[in-house]
Asker: 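The structure follows.
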Amino acid sequence: MSKNILFLSALILLFPTYLSLALAGGEPEPFNLNQPADGIYLHSGVHVEFTDPQHDDIANIGFIVGNNCIAVIDTGGSVTIGQELLLSIREISHLPICYVINTHVHFDHILGNLAFLKEDPQFVGHAQLADAVDQNRDFFLQQFRGDLGPTPDRDSIIGPNLSVDKTIDLDLGNRLIRLTAYPTAHSHSDLTVLDLDTKTIWTGDLVFRERIPSLDGKLKGWLAVLEDMKNQEINLAIPGHGTISHDWPQTYAAEESYLNLLLNDTRKAIKNGQFLEEAVSSIGKEQKQEWLLHEQHHSRNVTKAFTELEWE
Ligand SMILES: [Zn+2]
């Protein structure tokens, strides 16, 4: 056997080992990006806990390309993720980024904003978003310091300079997107983005799939918004977390059933005179298998629901 053939066989034998070592050894995987509809690009988040090293990459984020410019929808949970998103945009288009839209105030959707500052976009969000960002600055700085770039300070967190009261249409050049702001639901600053061409909706965290929904706003408000959204004509839904879906409003049937269970069982517990601790330990355990990270977030949801419904 010639030396070359020996070398080649060794390479072929060793390559899979190298590959698995590279994957297991914590080398960064390439930034995933898909195009689920014409001109719609999606980076899918991973389902890990807030304490995981990948906690900054848990949300679905992405962008829409028009004829004149680009709109970014959510920027991820760190400046690094924001930069990776920006790099992936530049591999596809050199059009200006005219809008960076945040679907709500949570860290996993907004802390990457700083990476887009040099592109000079308008930062867009719910009418409540600017206040929400201001109220969260210290918390973000304390909790996510390592995710705010090389010189973290209060200004590393970029809030909106264009706010949406109810609904506005933005033109990306022969491509209109419709932004809708909602009353308190998942959070106090929920906003959806609908691409009118492809009827693709970016729901932000109004919709969770696979990963357990987390309640930070009002349970009854959230259910009301989901009810309202049902009669929209949607071809493709991109949830804040979880897989995309072409089956609207079935897209969020599991979430709706979880939230309804939370509502009904918490009401029952309150009516039966249970204390918060008893309610937390008894409600909704049977749904444990259906959701990722149930263990980590369910109790908090019950607590939140209990304090909302206590004084009904
Ligand atoms: Zn989220």
Side-chain angles (χ1 to χ4, degrees), residues 31-32 42-63 72-82 84-85 100-115 123-126 128-129 132-133 135-136 139-140 143-144 147-148 157-160 179-182 184-193 201-219 221-222 225-226 229 237-245 251-252 254-256 258-259 262 291-301 304:
F31 193 72
N32 74 68
L42 166 67
H43 170 74
S44 303
V46 292
H47 298 307
V48 297
E49 188 36 40
F50 297 156
T51 48
D52 188 279
Q54 268 188 290
H55 66 273
D56 60 341
D57 194 17
I58 62 175
N60 291 335
I61 60 178
F63 54 98
V72 172
I73 296 113
D74 286 340
T75 56
S78 68
V79 177
T80 307
I81 295 294
E84 291 199 55
L85 181 62
V100 169
I101 302 161
N102 293 117
T103 58
H104 61 297
V105 75
H106 292 152
F107 81 97
D108 48 323
H109 301 261
I110 204 166
L111 293 187
N113 281 8
L114 185 67
F123 289 89
V124 193
H126 190 287
Q128 300 293 327
L129 184 66
V133 167
Q135 284 162 19
N136 275 286
F139 166 72
F140 286 153
Q143 204 70 26
F144 303 105
D147 298 321
L148 294 173
I157 305 129
I158 311 295
L179 279 54
T180 306
Y182 297 87
T184 303
H186 159 73
S187 74
H188 297 271
S189 53
D190 298 311
L191 176 121
T192 58
V193 180
I201 189 166
W202 297 74
T203 65
D205 284 4
L206 286 171
V207 177
F208 282 73
R209 286 160 59 80
E210 295 93 33
R211 184 186 178 108
I212 188 168
S214 80
L215 173 63
D216 189 38
K218 286 196 174 129
L219 180 53
W222 196 349
V225 166
L226 292 179
M229 286 167 66
I238 301 177
H241 300 267
T243 48
I244 62 170
S245 159
T251 301
Y252 56 83
E255 171 180 280
E256 199 177 24
Y258 172 80
L259 296 178
L262 198 58
W291 295 101
L292 298 170
L293 300 169
H294 186 280
E295 194 82 49
Q296 289 84 347
H297 298 285
H298 175 68
S299 301
R300 190 174 176 271
N301 288 339
K304 194 83 185 150

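This structure is a prediction, so every number in the text was calculated from the model and none was measured. Just follow the structure's listing: the first ligand is 1, and inside any ligand the first atom is 1.
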Asker: Answer yes or no: are there more than 12 heavy-atom neighbours, outside Glu295 itself, under 6.0 Å from its atom CD?
Answerer: no
Asker: Check the angle between the aromatic planes of Phe144 and Phe107 and answer parallel, tilted or perpendicular using the 30° and 60° thresholds.
Answerer: parallel
Asker: Sort by chain and number the protein N/O/S atoms that are closer than 2.8 Å to the Zn ion (ligand 1), and list them.
Answerer: Asp108 OD2, His109 NE2, Asp205 OD2, His241 NE2
Asker: What is the ring orientation for His43 with Phe31, classed by angle as parallel under 30°, tilted 30 to 60°, or perpendicular over 60°?
Answerer: parallel
Asker: Between Thr75 and Asn113, do the side chains contain a donor N or O and an acceptor N or O under 3.5 Å apart?
Answerer: yes
Asker: Mind checking whether Phe50 and His297 have ring centres under 6.0 Å apart?
Answerer: yes
Asker: Is the His298-Tyr258 ring centre distance short of 6.0 angstrom?
Answerer: yes
